[in-house]
Protein chains: 2
Amino acid sequence: METVSSSALAKAAGVKSSQLRKDLGYFGQFGTRGLGYSVEELLTAIRELLGRSQFQPVVLVGAGNLGSALLRYSGFEKEGFEVVAAFDAFPDSVVKLGISTPVLAIEEMLAFIRTKEVRLAILCVPAENAQEVTNDLVGAGVTGILNFSPSVLQVPDAVTVNNVDLAVELENLSYFVREE
Amino acid sequence: METVSSSALAKAAGVKSSQLRKDLGYFGQFGTRGLGYSVEELLTAIRELLGRSQFQPVVLVGAGNLGSALLRYSGFEKEGFEVVAAFDAFPDSVVKLGISTPVLAIEEMLAFIRTKEVRLAILCVPAENAQEVTNDLVGAGVTGILNFSPSVLQVPDAVTVNNVDLAVELENLSYFVREE
DNA sequence: TGGTGTGAAGTGGTTCACAGCA
DNA sequence: TGCTGTGAACCACTTCACACCA
């Protein structure tokens with residue numbers, strides 16, 4: 001299988017083929033008319049686009065319930081990300097079973113991030129500490145935050161925040177489920 | 001604090017006040033001109049709207065890496081959801097440490113969901129089994145699925161799927177981080 | 001002929017701006 | 001006077017439709 005059509009890709013992704021072609025169009029011309037997209041070329045182009053040519057180190061902050069749960073989840077690795085360290089206010093009380101990532105004291109965070117030049121952070125601290133920790137992360141040089149805490153973070157324009165609120169996701173579903 | 005203005009709420013939620021007013025407007029008139037919204041009334045109205053007047057039972061399917069991680073996370077409970085059971089193809093090999101939810105064999109799922117009239121499911125099975133399990137869930141009466149598996153699920157119109165793909169979230173960030 | 005690339009049309013959601021009411 | 005409720009204007013994204021090329 002050398003090439004793939006926009007409609008095949010679109011079907012797999014759950015979108016319309018025109019959508020897919022237009023989206024790719026914003027970044028360049030990757031396909032051949034009448035043929036489709038070269039799987040190989042498209043793959044490297046997208047990898048390049050996403051800045052995923054090489055591994056991205058990630059830190060996780062807040063190894064409480066959700067945080068340590070995510071540390072046990074190895075799904076990030078296979079997508080090219082590596083959680084290089086976790087930080088917690090009370091690293092000694094974190095249950096390390098099944099966790100291979102080092103869990104360090106929050107005081108070591110700034111130096112670690114600066115030294116390793118980490119740009120991505122996964123934030124799992126309680127809402128009341130979220131902004132404070134965010135400020136520290138940004139100060140250390142983090143420019144992308146995956147925020148699992150239920151709070152609206154204030155960050156400079158140069159920093160991107162993606163929010164994942166599991167309770168909100170369930171509430172959302174709950175709305176559609178409520179009517180018989 | 002009896003009342004709250006749309007702009008205060010909007011600030012807290014990270015949206016514009018006009019947005020918030022319009023959104024509420026789709027469901028009715030909850031505020032008083034010149035005063036704002038009664039905190040008490042708005043709260044009950046929203047609870048009603050979300051179908052959260054009473055507890056919602058939820059099942060979790062696939063207690064592998066991510067699934068068992070979520071079982072240890074107790075964040076759902078406090079938002080009015082209760083994970084009443086988890087199902088896995090190999091329930092005996094699931095590490096139960098820190099998990100109070102019963103982990104049952106997948107064969108028991110259909111009967112359980114029908115008996116308990118569960119409407120919401122959290123799906124954490126591998127992508128290759130996702131569609132098959134989804135069919136079973138829908139057949140059993142589930143109408144809302146929180147899908148953590150990286151796959152596009154085919155479901156009837158009456159069923160709502162919310163997708164949460166942690167790798168995609170990180171990739172998304174990765175794009176914005178890549179440029180200095 | 002088949003499938004991309006892309007202007008143009010369509011659609012839905014956001015923001016404005018202000019009338020109207022406590 | 002202050003703040004909601006809401007039509008109208010605006011904007012961004014989606015879909016269509018077809019020219020163009022391997």
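Each chain gets a letter, A, B and so on, in the order its sequence line appears, and its residues count up from 1.
- Between B:Lys16 atom NZ and D:dT4 atom C1' the separation is 19 Å, expressed in whole Å.
- Atom-to-atom, NZ of B:Lys22 to C1' of D:dC3 comes out at 16 Å; the value is rounded to the nearest Å.
- In the interface, the side chain of A:Arg21 is paired with the base of C:dG5 through a donor and an acceptor atom under 3.5 Å apart.
- With D:dT15, C:dT15, D:dG5 as the choices, the nucleotide that has an atom nearest any side-chain atom of A:Ser18 turns out to be D:dT15.
- A donor-acceptor contact shorter than 3.5 Å links the side chain of A:Arg119 to the backbone of A:Gly141.
- For the OP1/OP2 pair of D:dT4 and a distance below 4.0 Å, the side-chain nitrogens and oxygens of B:Ser6 include at least one atom meeting the criterion.
- If you measure from atom CZ of B:Phe30 to atom P of D:dG5, you get 9 Å, rounded to the nearest angstrom.
- Side-chain heavy atoms closer than 4.5 Å link hydrophobic residues (I, L, V, M, F, W, Y) into clusters, and following such links, even through other members, never connects A:Ile122 to A:Val59.
- Atom CD of B:Gln19 and atom C1' of D:dT6 are 14 Å apart (whole Å).
- No engagement by B:Gly25 is indicated, since no non-hydrogen atom pair under 4.0 Å with the nucleic acid exists.
- When rounded to the nearest whole Å, the span between CG of A:Leu42 and P of C:dG3 equals 16 Å.
- The OH atom of A:Tyr26 sits 12 Å away from the C1' atom of C:dG5 (whole-angstrom rounding).
- Distance, A:Leu20 CG to C:dG3 P: 14 Å, rounded to whole Å.
- Hydrophobic clustering of Ile, Leu, Val, Met, Phe, Trp and Tyr side chains at less than 4.5 Å, counting indirect connections, keeps A:Leu123 apart from B:Leu166.
- The side chain of A:Arg33 approaches C:dG5 more closely than any other nucleotide in the set C:dT14, D:dG5, C:dG5.
- At a threshold of 4.5 Å between side-chain heavy atoms, the hydrophobic network of Ile, Leu, Val, Met, Phe, Trp and Tyr places B:Val84 and B:Leu70 in two separate groups.
- Checked by atom type and distance alone, the side chain of B:Ser174 pairs as donor or acceptor with a backbone atom of A:Leu50 at under 3.5 Å.
- For the pair A:Val15 and A:Thr32, both in contact range of DNA chain D, the more 5′-proximal nearest nucleotide belongs to A:Val15.
- Residue A:Tyr37 places at least one side-chain N or O under 4.0 Å from the OP1 or OP2 atom of C:dG5.
- Atom CZ in B:Phe27 sits roughly 14 Å away from atom P in D:dG5 (whole-Å rounding).
- Regarding contacts with the backbone of C:dT6, a side-chain N or O of A:Gln29 is found under 4.0 angstrom from either OP1 or OP2.
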